[in-house]
Amino acid sequence: TNKVRFGCVCVTETDIELEVKKMRILTANNVLNTYPYLSGKLRGVYKVCVTGTSGSGKTTMIRCFDPEAHGREVPRYFYVDYELLKENPDLFPESNTATQTFDFTVVALLIGGNNKADIVKFSDLTEEMVEKKSTKWVTIFYLFGTPGQWRFKDIRAFAERRSDGVIFIVDPTDPKLNENFEEFKEQVIKNVERKVPIIYAVNKQDLPNVFSSKDLMEEFQLTDKDI
């Protein structure tokens, strides 16, 4: 069993898993107390972390689910004349900004009577929608998009801690792809503190002359279950 040492206390992976399960149950009970129409349909509440290097597309992915996801963007550069930026808001377009804290939203996966899957913002979910879609069950996911820049590694560690699953966005245009991939992967495993499913998603496949998912599977020795 993997062990994590905090001071003089040795915490095993089993201890952490038990703690996470208790938190899942508590969160699910809170959801059912607030949304009683989900009784008998709720199949779990999970925390999923979306991680990867800066500029890989984490914020874009989160906002595909929720264009109004919580998050704070700042210029990618250390030294910025904020008075100049205030007068010229287009000086640093979105492509030149980075997530400072983390992006956050809550989504619900609905499985209907015909086994059709729908993903909606949890704040948009209503009892009428559940009935209209003949929903058999609902799973709720708390999505945390982490900051990718190295200077925000402590915030990233906080967001990834005790996740139930990870979506690792791989940027094939990263000039230090091999180095960053291995280091980020090592950090994610350390921050999560236990074994969880990790999905590796290769982004930017519409750009010319980039590594394909097949190329990166071979490069990083991943299987079809990983990517």
Side-chain angles (χ1 to χ4, degrees), residues 2 4 11-52 57-72 99 101-147 155-169 187-201 225-226:
N2 294 334
V4 182
V11 181
T12 68
E13 188 174 307
T14 302
D15 294 330
I16 294 173
E17 189 64 42
L18 180 60
E19 177 187 325
V20 171
K21 287 181 179 179
K22 289 180 179 178
M23 186 59 66
R24 283 196 204 125
I25 293 172
L26 178 62
T27 306
N29 286 338
N30 288 338
V31 169
L32 291 175
N33 287 335
T34 307
Y35 306 95
Y37 61 85
L38 293 179
S39 179
K41 299 182 183 296
L42 185 62
R43 290 295 181 92
V45 182
Y46 300 95
K47 175 182 178 181
V48 175
C49 179
V50 181
T51 194
K58 302 178 296 297
T59 296
T60 301
M61 178 181 176
I62 293 286
R63 291 182 179 170
C64 284
F65 295 111
D66 179 4
E68 300 177 346
H70 298 285
R72 183 182 179 191
T99 299
T101 52
F102 48 80
D103 299 304
F104 173 75
T105 190
V106 185
V107 298
L109 170 65
L110 283 63
I111 301 297
N114 56 357
N115 289 326
K116 180 182 178 182
D118 288 295
I119 298 179
V120 299
K121 288 171 53 177
F122 186 57
S123 58
D124 291 341
L125 188 66
T126 63
E127 184 173 3
E128 291 74 20
M129 182 186 298
V130 170
E131 292 178 354
K132 182 178 180 180
K133 294 180 177 293
S134 302
T135 303
K136 294 192 295 186
W137 52 268
V138 177
T139 303
I140 297 172
F141 295 96
Y142 287 73
L143 294 182
F144 287 81
T146 66
I155 298 175
R156 185 164 60 250
F158 173 79
E160 292 171 351
R161 185 171 183 264
R162 308 292 168 87
S163 294
D164 295 300
V166 175
I167 300 176
F168 194 126
I169 307 295
Q187 285 190 7
V188 167
I189 294 173
K190 177 182 177 181
N191 294 337
V192 172
E193 301 175 312
R194 69 196 205 284
K195 293 181 181 179
V196 300
I198 301 179
I199 297 174
Y200 298 94
K225 296 180 179 179
D226 297 315

Next item on the list: Might you confirm whether atom CE of Met23 has over 12 heavy atoms from other residues, nucleotides or ligands at distances under 6.0 Å?
Entry: no
Next item on the list: Hey, could you give me the NZ/CG distance between Lys136 and Leu110, rounded to the nearest 0.5 Å?
Entry: 12.0 Å
Next item on the list: Considering non-hydrogen atoms only, spot the tightest contact between Ala28 and Val45 and give its length.
Entry: CA-CG2, 3.9 Å
Checklist line | Atom pair CZ (Arg161) and SG (Cys49), whose distance is rounded to the nearest 0.5 Å | finding: 13.5 Å
Checklist line | side chain to side chain contact (heavy atoms under 4.5 Å, CB included) partner of Val107, the single match among Asp124, Ile140, Ile119 | finding: Ile119
Next item on the list: Would you sort out whether Ile111 and Thr135 count as a side-chain contact (heavy atoms from CB on, under 4.5 Å), showing the intermediate values?
Entry: CA-CA 6 Å; Ile111 301 297; Thr135 303; 5.9 Å; no
Check: Less than 4.5 Å apart, any side-chain heavy atom of Lys121 and any of Val106?
Finding: no
Checklist line | Donor-acceptor pair, side chain of Ser163 and main chain of Glu160, under 3.5 angstrom | finding: yes
Margin query: I'd like to check the ring-ring contact (aromatic ring centres under 6.0 Å, His included) partners of Phe141; sequence neighbours left out, ordered by chain and number.
Written below: none
Notebook entry, point to check: Do Glu193 and Ile16 come close enough that some side-chain heavy atom pair is under 4.5 Å?
Noted result: yes
Item checked: Pairwise salt bridge (charged side-chain N to carboxylate O under 4.0 Å, His left out) hits with a residue in residues 35-48, at least two apart -> none
Check: Looking only at heavy atoms, which two atoms of Ala108 and Val138 are closest? And how far apart?
Finding: CB-CG1, 4.0 Å
Check: Quick one: do Lys133 and Asp118 make a salt bridge, cutoff under 4.0 Å?
Finding: yes
Notebook entry, point to check: Within a strict 4.5 Å, meaning less than it, do heavy atoms of the Tyr46 and Arg24 side chains meet?
Noted result: yes
Note to self: With a 4.5 Å cut-off on side-chain heavy atoms, are Val130 and Leu125 touching?
What the structure shows: yes
Check: What's the spacing between Lys116 NZ and Ser134 OG if we round to 0.5 Å?
Finding: 11.5 Å
Margin query: Any salt bridge linking Arg162 with Glu19? Criterion: basic side-chain nitrogen under 4.0 Å from a carboxylate oxygen.
Written below: yes
Notebook entry, point to check: Is there side-chain contact between Val166 and Val192, with heavy atoms separated by less than 4.5 Å?
Noted result: yes
Next item on the list: Please round to the nearest 0.5 Å and tell me the distance separating atom OG1 of Thr51 and atom CD1 of Ile167.
Entry: 11.0 Å
Item checked: Separation of Thr139 OG1 from Leu42 CG (nearest 0.5 Å) -> 7.0 Å
Check: Can you tell me how far the OH atom of Tyr37 sits from the CD atom of Glu128, to the nearest 0.5 Å?
Finding: 8.0 Å
Check: Does the gap between the ring centers of Tyr35 and Phe122 come in under 6.0 Å?
Finding: yes
Notebook entry, point to check: Is there a side-chain contact between Tyr142 and Thr27 (heavy atoms, below 4.5 Å)?
Noted result: yes
Item checked: Asn33 side chain vs Asn29 backbone, donor-acceptor pair below 3.5 Å -> yes
Note to self: Within the 4.5 Å heavy-atom criterion, are Arg63 and Asp103 side-chain neighbours or not?
What the structure shows: yes
Note to self: Closer than 4.0 angstrom, basic N to acidic O: yes or no for Arg194 and Asp15?
What the structure shows: no
Margin query: Between Lys58 and Ile62, is there a side-chain heavy-atom distance shorter than 4.5 Å?
Written below: no
Checklist line | Intermediate values then yes/no, side-chain contact (heavy atoms from CB on, under 4.5 Å), Asp164 and Val48 | finding: CA-CA 6 Å; Asp164 295 300; Val48 175; 5.6 Å; no
Check: For Ala159 and Thr146, which heavy atoms make the closest approach, and how far apart are they?
Finding: CB-CG2, 3.9 Å
